[in-house]
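Proteins come first, then strands; the chains are lettered A, B, ... in the order of their sequence lines, and each starts at number 1. Fair warning: this is a prediction, and the values are worked out from it, not measured in the lab.
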Amino acid sequence: MSELNAYLNPDGKAAPRNHNLILSLNSFCNTAAESIHRSVTPTVLITHPHGRNEIGINKERLLKSLIGNALNPNVFSVLVVGYENKSTSAFVNELRAKTKKPVESVLVLDNGTLGATREGAEIASRMSQINSEYSREKFSISDFIIGLKCGGSDATSGIVSNPAVGKTVDRIMNMKGTAIFSETTEIIGAEHILAKRAANNKVALDILEAAKRNEEMAMSLGVDLIGTNPVPDNIRGGISTIEEKSIAAIMKSGSGKINGVLDYAAMPPDRGLYFMDSPSAATEVVTAITAGGASIILFTTGSGNPVGSPIAPVIKITGNPYAAKKMREHIDVDISEVITEGKSLQVGSDKVYRILEKTISGRLTKSEILHHNEFAPIPVGL
Amino acid sequence: MNGEELKRSKIVLLSAGDNVAVALVPIQKGDILENSGKNIEARDDIDFGHKIALRDIKKDDNVIKYGEIIGVAKENIMAGSHVHVHNVKSLRADKHE
């Protein structure tokens, strides 16, 4: 096993990246935040179309998502771009109470977008220089929270990429590591398998309840899941029903004990494997699990999926030999030799683990290289 | 299933007892495929990754893949047929049409 070299962040957590984050609090602060991001390197950017007049669960989920992502181990400093003082100060104070990272803010009201950009760029420049003085140190795999996601699934997801990643996750759990998987709609039809792996009765019930809630939500909307989940590219790839997709999807979580069900964007209370109750679309899930502290994502795909994150490297793994060629600019780990050359799943899993180690230690993912920085703090949905 | 089997076969059975297998290459109608020592003739063209019925599946019978129920047959499906959204439906979030 090779060494893992990562950063120790201001909160004492291991981090594969040390980002200087520019975070917009609402839609019309995005322009100033983008301008600061373009002016100052290296910075990462969170923008989104929400933030004003949000109420109830929408407001709660948006804040959890933004706070959680700012607290992610990969973030070493935060510049909040807000509109007016009251809501911006409240956000900054909540964040400062939870972290030792530098957290600063600029306001668009009374300064204008250009004024906020100028002031923000100066603050961000200072932070970039401070962050550049960190150097990598040795860590073990159990120091990181690994996020798990599948997207653009097809028949190969259940035969190659998900079971191979499942073996990798089993290996990480044997080393006392931590991982989060999610996608509540994509446990419908497979929840009985997960419930059997629950650490106790409460966890089993929480898993079954989450699936039931999502199924009832679909039915109350009067929608047919087919065409929504599975999506058209899943169907093109040979997946006929949500049950078939789910049974394959949960394979990426391996075979180990499930310690608990996390609320949307919540952090795992302990080590081990956790399921997060969340909507299922790729960007939404990645946003939710990075809010829960995942600092690196293993992302399996059948047909290929370009999604990335501003916060965490997203490692794309495919077992589909066609996607490995057609979508090669997005694929980090091609394990299609399990099908084309008859290699074992263990060979595929070992390859995933090697790239995981390298990526934690600084190897860039295709999503990072291609500026795939999607972010979707979705309120509620399937 | 092991790697050598995957390499050799045009279709793969994911769990003993499944009534469908998965195409590992594009299959053409009339192709003769081997499964567990028995030959089966493809009745349809079947794309890479898509399912083929290994035996006759009656309307309303369960479709089994990975050793799990993935849905039910919407119509009688003959061995060798393409099994997909046109002849299988989910049992979940069912609107009871």
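Checked by atom type, the side-chain pair B:H86/B:E75 shows no donor-acceptor distance below 3.5 Å. In this structure, a donor-acceptor pair under 3.5 Å is present between the side chains of A:K245 and A:N234.
B:V83 touches chain A through its backbone: at least one of N, CA, C or O sits under 4.5 Å from a heavy atom, while the side chain does not. Neither the backbone nor the side chain of B:I46 has a heavy atom closer than 4.5 Å to any heavy atom of chain A.
One finds no salt bridge joining A:E329 and A:K366 here, because no Lys/Arg side-chain nitrogen approaches an Asp/Glu carboxylate oxygen to under 4.0 Å.
Across A:G238, A:G302, A:P321, the residue that shares the most heavy-atom pairs under 4.5 angstrom with chain B is A:G238.
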TODO: Kindly determine whether A:R171 and A:D350 satisfy salt bridge (charged side-chain N to carboxylate O under 4.0 Å, His left out), including the steps that lead there.
DONE: CA-CA 10 Å; A:R171 177 175 175 179; A:D350 291 345; 3.5 Å; yes
